[in-house]
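This is a predicted model, so every value here is computed, not measured.
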Amino acid sequence: MSVACIEARRAGETIAQLTDVASLDHPESDSHITIFTDKTGVVKAARLLLSSVTKVLVLADRIVIKQIITSRNKVLATMDQLEKVSSFQEFVQIFSQFGNEMVEFAHLTGDRQNDLKDEKKKARMAASRAVLEKCTMMLLTASKTCLRHPDCESARINKDGVFHRMRLALEQVIEIVTDSRPNGENEMAPISIYSGIKEFKNKVEGLRENLYFLSKENLSTMLEVILEHTEDFTDSAYTSHEHREHILELSKQAKMELEQLVSVWMQAQNQKTKDLMEDLEVAILKTCQCMNDLKREVHSAATSLAADLLKYHTDHMVLKALKITGVEGNLEAVAEYTCKLSEQKEQLVEMCRLLRHVSGTEPLEITCIHAEDTFQVTGPQIISAAETLALHPSSKIAKENLEVFCEAWESQLSDMSLLLREINDVFEGRRGEKRVYLSLPRPGEQAKIAKLGLELHLLTSDVDSETEKWEDQENEIVQHGQGMSSMAYSMYLFTRGEGLLKTTQDLFHQAEIFATEGTKLASALHALSDQVHEDKPLLLLEAEKLISMCKQLQITAKASAQGKSATFTKVDACILKTRNVMTLLCQLLPLCCKLLRKTKAGNGCLKPAPPWKEDRIRTATNARTPERRVDTFGIKSLENHVTNMTFLESK
């Protein structure tokens, strides 16, 4: 690389010297100066410059690939160590190293993903990175559960599943960046009904220009493949009777239209008369129209099924039941609900397979395949996590582990709603790209927001961890703290383009409500200060600080912002100030818990739980989520957070 850069610099300097006016010893008297005194030299230098710059670019690409491979190898080596640890202390040390290595890998692969020109590869890379992102948190809780319950078979199965999935994702990243497959295999592109119909129609319409460019056998084979794929719909137990009948009718009609087309086409090859060409045009139009109708019918079948299933499963009743029965230690009930979850998994997997056929673009097709894999893998992992909790119902880490896998399931269901909307948009011709809720001026600013969001995410986890330590979960301070954590988590999801907050106005409104809740918490702190003697000045000081910070956040959230740049600045300020409030909250909660225990005052003097608790919508429960400490920024700051959590669990 150094040599290539030197060559490029020399070539550039040569061109600069040959075209430098000041270097001419005898400028012409009529002021018309001939700059290119050595045209041959300039051409030669220009070619050398082009060649050397190309060499620099090729070498840079090779270096990036080697960096990614080296980074992957380090991650794999550390994962091997993590898999074999037998103590919490050793696990914490190695996981800290693992976090740093994942940060490096995430940075490198993120940059590579942005550089990819092939949309299909970009989608595959995004899917692999999403798996690694979510599995990082799963690896943490699954490993902790295994360490806490080393003789539990279901805990071991749960952990092994996470490690296996991460290794597959790491391998796929390397396949993408090196453009290779293991053992020299060629990648088999998934064939969908949409892509098959598109290619078939192109061939049929091509007959207008050339009657001899393909054989009738080729055309018949193409239709057979398409109709074979429609059997995925007609054989599915989840396809409605009406859709099944329509698809079968259209399949039969398509065969008839092709037979008519082939008949006219063969005649036109022998005798190209005006009447025959008109008949051919009619046959082409009728065949294409039939294929369009078939395409519309399978789209309707897939999307209506998806909409119904997503609506039906939106309450997550099976997951809630698994959590409750697991904590109760009711093995029989857990077994009953795991059967129901398996049924749900089969439904969702089938939904993804059918949606893939009608996705419309290769990136969306890959997203459907990724979703199918996620449901296929996460379902059994939830079951093993639930069985572990049922066997150890008093285990906090087993409960936390089940929460993580359940939230991965819920997150994927939420992603499916967005994916369904994108598929409908493509079908209706509105757009072919994924939605982006947060539109910021430059990628660098997006990265800054993402980093702030991840810091906010870690703080919500810390707050949730602190509130779990309180014996009285109905305490007003706990209630306000949990509410603020829930809202801060929604703001974090916004930075990822996920969750219920879809626009910047939604974010600003959430920030106002968050600040109001913080002010209510400050009032509860003042009430607590009347009950305690020790550390009362400190408590009052912290309460006043909280009031001041919440007022500043309210002012920022209410301020007007015109234009994209100003809006970004406001978003940045709101998330930054929310993060600062959450940092203070992390300090306040343990202080209040300690003071209450010392005074042994109980809840007698405290107000009842506020009414908003019944109304608030919480995107995630106050347990760790599968998406924690991920992306290119969050994993590094995970190190200290994990250390604290793990030592807390090991006490």
A side-chain contact here means heavy atoms from C-beta on lying under 4.5 Å apart; do [X] and [Y] qualify?
X      : Y      : answer
Met102 : Val75  : yes
Thr109 : Ile68  : yes
Cys593 : Val478 : no
Ile382 : Cys406 : yes
Phe233 : Arg244 : no
Val532 : Lys598 : no
Phe163 : Leu82  : yes
Thr338 : Val318 : no

How about [X] and [Y]: does a side-chain donor come under 3.5 Å of a side-chain acceptor?
X      : Y      : answer
Gln344 : Trp409 : yes
Gln347 : His313 : yes
Glu517 : His480 : yes
Gln482 : Gln473 : yes

Inset, instruction - Just do the side chain to side chain contact (heavy atoms under 4.5 Å, CB included) check on His370 and Cys352 with the steps written out, would you? - result: CA-CA 9 Å; His370 167 65; Cys352 293; over 6 Å; no

Backbone of [Y] reached by a side-chain donor or acceptor of [X] within 3.5 Å:
X      : Y      : answer
Ser411 : Glu407 : no
Ser304 : Ser300 : yes
Thr378 : Phe375 : no
Lys320 : Asp315 : yes
Thr583 : Arg579 : yes
Arg129 : Ala106 : yes

Atom pair [atom1]/[atom2] of [X] and [Y] - distance to nearest 0.5 Å:
X      : Y      : atom1 : atom2 : value
Phe514 : Met484 : CZ    : CE    : 4.0 Å
Lys84  : Met79  : NZ    : CE    : 12.0 Å
Thr145 : Asn158 : OG1   : CG    : 7.0 Å
Ser342 : Lys340 : OG    : NZ    : 12.5 Å
Ile157 : Thr388 : CD1   : OG1   : 8.5 Å
Leu310 : Leu305 : CG    : CG    : 9.0 Å

If you take all heavy atoms of [X] and [Y], which pair is closest and at what distance?
X      : Y      : answer
Ser359 : Ile423 : CA-CG1, 4.0 Å
Ser395 : Ala398 : OG-N, 3.1 Å
Gly379 : Leu341 : O-CD2, 3.8 Å
Leu546 : Ala522 : CD2-N, 3.9 Å
Ser154 : Leu391 : OG-CD1, 4.1 Å
Val162 : Cys135 : CG1-O, 3.7 Å

Less than 4.0 Å between a side-chain N and a carboxylate O, is that true for [Y] and [X]?
X      : Y      : result
Lys159 : Glu83  : no
Arg167 : Asp80  : yes
Glu476 : Lys520 : no
Arg356 : Glu372 : no
Arg156 : Glu153 : yes
Lys74  : Glu101 : no
Asp235 : Arg353 : no

Legend entry - Plane angle bin for His149 and His392 - parallel if under 30°, tilted between 30 and 60°, otherwise perpendicular: parallel

Legend entry - Ring centers of Tyr489, His457 separated by less than 6.0 Å: yes

Inset, instruction - For the pair Arg165 and Thr374, evaluate side chain to side chain donor-acceptor pair (under 3.5 Å) and give the outcome as yes or no after the intermediate values. - result: CA-CA 10 Å; Arg165 196 173 183 213; Thr374 300; 3.1 Å; yes

Inset, instruction - List the steps and the verdict of salt bridge (charged side-chain N to carboxylate O under 4.0 Å, His left out) for Glu468 and Lys396. - result: CA-CA 10 Å; Glu468 285 175 359; Lys396 286 186 177 180; over 6 Å; no

Inset, instruction - Would you please test Thr314 and Leu413 for side chain to side chain contact (heavy atoms under 4.5 Å, CB included) and show each step? - result: CA-CA 8 Å; Thr314 191; Leu413 277 176; over 6 Å; no

Inset, instruction - Assess whether salt bridge (charged side-chain N to carboxylate O under 4.0 Å, His left out) is satisfied between Lys134 and Asp415, documenting all intermediate values. - result: CA-CA 13 Å; Lys134 294 183 180 182; Asp415 290 345; 3.6 Å; yes

Legend entry - Asp506: partners by salt bridge (charged side-chain N to carboxylate O under 4.0 Å, His left out), with sequence neighbours left out: none

Legend entry - Intermediate values then yes/no, side chain to side chain contact (heavy atoms under 4.5 Å, CB included), Asp373 and Val131: CA-CA 10 Å; Asp373 291 342; Val131 170; over 6 Å; no

Inset, instruction - May I have the step-by-step check of ring-ring contact (aromatic ring centres under 6.0 Å, His included) for Phe98 and Phe95, ending in yes or no? - result: CA-CA 5 Å; Phe98 175 73; Phe95 195 87; 5.5 Å; yes

Legend entry - Intermediate values then yes/no, side chain to side chain contact (heavy atoms under 4.5 Å, CB included), Thr495 and Tyr492: CA-CA 5 Å; Thr495 65; Tyr492 152 71; 4.0 Å; yes

Legend entry - More than 12 heavy atoms from other groups under 6.0 Å of CD on Glu90: yes

Inset, instruction - Would you indicate whether Tyr337, at its atom OH, is surrounded by more than 12 heavy atoms from other residues, nucleotides or ligands within a distance under 6.0 Å? - result: no

